[in-house]
Structure formats: structure tokens, C-alpha cells
Amino acid sequence: MTRLLGAQAVVIIEAKVRDYLLNDSHSIGAGKAKLLTQFSFSRPDWPILMAALRRHPIDNAIVETTSNAFGTKHILQCQIASPDDRNPCIITVWIAENGQAGPRLITAYAGPPLAPHPI
């Protein structure tokens, strides 16, 4: 199983977690917030989700990789540690931009299971 290189140095923007993934009034992120709050993540306690997202690429394998002129996009899937210990399977998307220090979180969402990326 291939892991995300540099997972220990991932970049997650606070506003992405607090104001997008956990914002139930965001025009695009509201559905993601609804899903995440079902597992006891909350906007006031956004650092808990941030920490869980930092662990996601360490604990889960890459299921898809694509590259373009801007960098390499990695999709990872499955369990994320949740406050209620139900640990749902989610998909996270990361981009390792050319010339940047570490992979940056693009988004996280629920989705159908994907096949593992070949070694």
C-alpha cells in the first residue's frame, strides 16, 4: 500500500477546516459539515478535525494519483478518527504542488469505496 510521502508535513489551512468542512451554511461545504457533525466533529472544536485530518494520510493508503502542470494530486480513503469513536470512512484529496514543502489538503468527503492504488 502506497502512503503519501511527506504525510508528517502536510499543510492544512485552518479556514478550510473551520469555515468550509465544518460550516453548515457554506454553499458547497454544508453537506460535508452535516456528515462530519454526525460523528461528533463540530465547528467550535475544529482543531479535533484538523488533528484527525493530519493523521488520515499517515493511517490510510493512496487510492488514486494524477499529475498535471501544477503538481500531483493524491486521493486517500478510509477511516478517520472521530470524537465518537465510530471512525467513518472518508476520502481526502491532497495536492503536492510543484516547489511547495508538503502536500496540502484540498477537500474531504464521503464517497463510494475506491480500489487501492497499485504499489
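For clarity, every value in this text was computed on a predicted model and none was experimentally measured.
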Acceptor/donor pairs from residues 95-107 side chains to any protein atom, 3.5 angstrom cut, sequence neighbours excluded:
unit_1, atom_1, unit_2, atom_2, d
Glu97, OE1, Arg104, NE, 3.4
Glu97, OE2, Arg104, NH2, 3.2
Asn98, ND2, Ala69, O, 2.9
Thr107, OG1, Lys32, NZ, 2.7

Task: Close side-chain approach of Ile62 to Arg3, heavy-atom, < 4.5 Å - done: no
TODO: Mind checking the CG-CZ spacing from Asn23 to Arg18? Nearest 0.5 Å is all I need.
DONE: 9.5 Å
Open item on the list: Do Trp94 and Val11 sit in one hydrophobic cluster, given that two such residues count as connected whenever their side-chain heavy atoms are within less than 4.5 Å of each other, even indirectly?
Closed with: no
Task: Residue pair Ile48 / Pro83: nearest heavy atoms and the distance that separates them - done: CG2-CG, 3.8 Å
Open item on the list: Do Glu64 and Thr66 have side chains that approach each other closer than 4.5 Å (heavy atoms only, starting at C-beta)?
Closed with: yes
- [ ] Decide yes or no for Thr92 and Leu53: does some side-chain heavy atom of the first lie under 4.5 Å from some side-chain heavy atom of the second?
- [x] yes
TODO: Could you tell me which residues satisfy ring pair (Phe, Tyr, Trp, His ring centres under 6.0 Å) with Tyr20, sequence neighbours excluded, listed by chain and number?
DONE: His26
Open item on the list: How long is the straight-line distance from CG of Leu36 back to CD1 of Ile80, given to the nearest 0.5 Å?
Closed with: 7.0 Å
Task: Derivation of the side-chain contact (heavy atoms from CB on, under 4.5 Å) call for Ile90 and Gln77 - done: CA-CA 6 Å; Ile90 68 164; Gln77 175 186 292; over 6 Å; no
Task: Rounded distance [0.5 Å steps], CG in Leu22 versus NZ in Lys16 - done: 12.5 Å
Open item on the list: Looking at every non-hydrogen atom in both residues, tell me the closest pair between Ala81 and Phe41 and how far apart they are.
Closed with: O-CZ, 3.3 Å
Open item on the list: Check whether Ser82 reaches the backbone of Arg86 with its side chain - one donor and one acceptor, N or O, closer than 3.5 Å.
Closed with: yes
Open item on the list: Using modelled atom types and a 3.5 Å cut-off, is there a donor and acceptor pairing between side-chain atoms of Asn60 and backbone atoms of Leu76?
Closed with: no
- [ ] Please lay out, stage by stage, how Lys73 and Val93 fare under the test side-chain contact (heavy atoms from CB on, under 4.5 Å).
- [x] CA-CA 7 Å; Lys73 181 175 79 171; Val93 182; 3.7 Å; yes
Task: Shortest non-hydrogen contact from Ser67 toward Thr72 - done: OG-OG1, 3.2 Å
Open item on the list: If hydrophobic clusters are built from ILVMFWY residues whose side chains come within less than 4.5 Å, do Tyr109 and Val63 share one?
Closed with: yes
Task: Ion pair Asp19/Arg43, N-O distance below 4.0 Å - done: yes
Open item on the list: Looking at every heavy atom in both Met50 and Ile13, which two are closest together, and how far apart are they?
Closed with: CE-C, 4.4 Å
